[in-house]
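Have a look at the structure below before the remarks.
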Amino acid sequence: MSATSVLSDGTIRRLVEEGRIVIEPWDPAMVQPASVDLRLGNSFRVFHNHRIGAIDLADPPRQLTEHVEIADDETFVIHPGEFVLGRTEERVQIPDNVVARIEGKSSLGRLGLIVHATAGFVDPGFAGTLTLEITNLTRVPIILRPKKPIAQLSFMALDRAAERPYGHPDLGSHYHGQVEATESRYEGGPGAGARSPG
């Protein structure tokens with residue numbers, strides 16, 4: 001892999017087959033020319049806006065969301081202007097010499113559905129499901145269904161392996177190993193919120 005190059009479909013398949021990139025469950029049919037489609041999971045976090053007057057980043061609120069889990073055959077309605085957290089069906093594990101980016105699918109974006117606000121970057125070493133920041137930009141409700149394609153994940157090779165990959169004890173990686181949609185664990189201050197859309 002050349003430095004900072006976007007990985008092609010063949011390289012993605014090879015790295016998954018070699019176990020260097022983990023995507024579970026794995027479906028080779030989800031591989032696109034330079035990305036892998038990811039499906040929506042059944043775990044969501046819904047915001048309770050009535051609980052606070054404002055979000056103060058110097059003292060971030062806790063327990064601002066409620067966890068909602070639905071059955072695979074149920075639907076989840078996101079209303080106009082609503083913001084919820086969801087997760088991918090797939091659990092991923094990124095090697096220490098690769099970074100990934102999660103992006104929305106253009107066909108869904110054209111319907112007014114956004115799947116990430118800022119957390120599109122997946123650090124080398126991250127393991128877990130990916131939390132989606134889902135927003136309905138339209139004026140009509142949108143029905144979400146688990147197991148349906150919701151996003152895509154692309155991969156880029158680093159010039160060399162990260163010295164302290166995500167999950168390293170020195171980093172305080174808040175979202176390493178997550179399995180549900182996970183609310184913000186932002187703490188403020190220097191180096192706050194070792195990131196990953198996890």
Side-chain angles (χ1 to χ4, degrees), residues 1-41 43 83-137 142 144-168 171 173-182 193-198:
M1 294 181 291
S2 62
T4 64
S5 60
V6 177
L7 305 190
S8 68
D9 50 1
T11 301
I12 294 170
R13 280 192 292 265
R14 176 173 59 81
L15 293 179
V16 170
E17 289 164 5
E18 293 173 355
R20 294 169 64 190
I21 292 175
V22 175
I23 302 174
E24 298 173 339
W26 169 241
D27 181 355
M30 301 292 274
V31 179
Q32 302 301 322
S35 65
V36 177
D37 281 349
L38 299 176
R39 296 168 299 165
L40 181 65
S43 171
F83 176 81
V84 302
L85 301 175
R87 72 158 172 88
T88 59
E89 172 71 12
E90 291 81 6
R91 174 190 173 275
V92 304
Q93 185 170 333
I94 310 298
D96 61 5
N97 63 342
V98 170
V99 298
R101 285 204 64 86
I102 190 165
E103 299 288 353
K105 295 180 65 62
S106 62
S107 54
L108 297 180
R110 296 174 198 198
L111 294 174
L113 186 69
I114 306 301
V115 300
H116 82 78
T118 62
F121 188 84
V122 187
D123 282 297
F126 175 82
T129 59
L130 299 171
T131 294
L132 304 168
E133 303 160 337
I134 307 172
T135 304
N136 177 358
L137 298 180
I142 295 177
L144 304 178
R145 299 176 188 274
K147 309 283 190 182
K148 295 295 185 183
I150 189 76
Q152 54 191 353
L153 194 65
S154 62
F155 303 89
M156 291 156 284
L158 295 179
D159 59 348
R160 63 174 177 250
E163 295 176 357
R164 297 189 307 165
Y166 197 81
H168 187 281
L171 295 180
S173 305
H174 296 305
Y175 309 109
H176 197 61
Q178 70 184 8
V179 295
E180 298 176 346
T182 305
R195 64 179 185 239
S196 263

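Counting begins at 1 with the first residue of the sequence.
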Next on the checklist: Do Ile114 and Phe83 have side chains that approach each other closer than 4.5 Å (heavy atoms only, starting at C-beta)?
Outcome noted: no
Next on the checklist: Within the supplied structure, the quantity of interest is the number of heavy atoms (other residues, nucleotides, ligands) at a distance under 6.0 Å from Arg39 CZ; does it exceed 12?
Outcome noted: yes
Checklist entry - Is there side-chain contact between Gln93 and Phe126, with at least one heavy-atom pair below 4.5 Å? => result no
Item to check | Euclidean distance, Leu111 CG relative to Leu137 CG, rounded to 0.5 Å | outcome: 11.0 Å
Checklist entry - Which heavy-atom pair separates Asn97 from Arg20 by the least distance, and what is that distance? => result ND2-NH2, 3.7 Å
Item to check | Stepwise side chain to side chain contact (heavy atoms under 4.5 Å, CB included) test for Val115 and Leu40 | outcome: CA-CA 10 Å; Val115 300; Leu40 181 65; over 6 Å; no
Item to check | Student check: side-chain heavy atoms of Ile21 and Pro95 closer than 4.5 Å | outcome: yes
Next on the checklist: Can you confirm whether Leu132 sits close enough to Leu38 that some side-chain heavy atom of one is under 4.5 Å from a side-chain heavy atom of the other?
Outcome noted: no
Checklist entry - Out of curiosity, Ile134 CD1 to Ile142 CD1, how far, rounded to the nearest 0.5 Å? => result 10.0 Å
Checklist outcome for this item: Taking every heavy atom of Pro149 against every heavy atom of Leu108, the minimum-distance pair comes out as O-CD1, 3.8 Å
Checklist entry - For Gln152 and Asp37, which heavy atoms make the closest approach, and how far apart are they? => result CB-OD1, 3.8 Å
Item to check | Heavy-atom check, side chain of Glu133 versus side chain of Leu85, under 4.5 Å | outcome: yes
Checklist entry - Can you name the nearest heavy-atom pair linking Arg101 to Glu103, along with the distance? => result NE-OE2, 3.2 Å
Checklist entry - Quick one: are Leu113 and Ile150 in side-chain contact, heavy atoms under 4.5 Å? => result yes
Checklist entry - Under the side chain to side chain contact (heavy atoms under 4.5 Å, CB included) criterion, do Met156 and Val99 qualify, and how do the steps go? => result CA-CA 5 Å; Met156 291 156 284; Val99 298; 3.9 Å; yes
Next on the checklist: Quick check: closest heavy atoms across Ile94 and Val122, and the distance to 0.1 Å?
Outcome noted: CG1-CG1, 3.8 Å
Checklist entry - Run the salt bridge (Lys or Arg N to Asp or Glu O under 4.0 Å) check on Glu17 and Arg13 step by step: do they pass? => result CA-CA 6 Å; Glu17 289 164 5; Arg13 280 192 292 265; 5.6 Å; no
Next on the checklist: I want to check something: taking the side chain as every heavy atom from C-beta on, are Met30 and Val36 in contact at a cut-off of under 4.5 Å?
Outcome noted: yes
Checklist entry - Does Thr88 reach the main-chain N or O of Glu90 with its side chain, forming a donor-acceptor pair under 3.5 Å? => result yes
Checklist outcome for this item: On a heavy-atom basis, the closest approach of Ala100 and Leu153 is CB-CD1, 3.8 Å
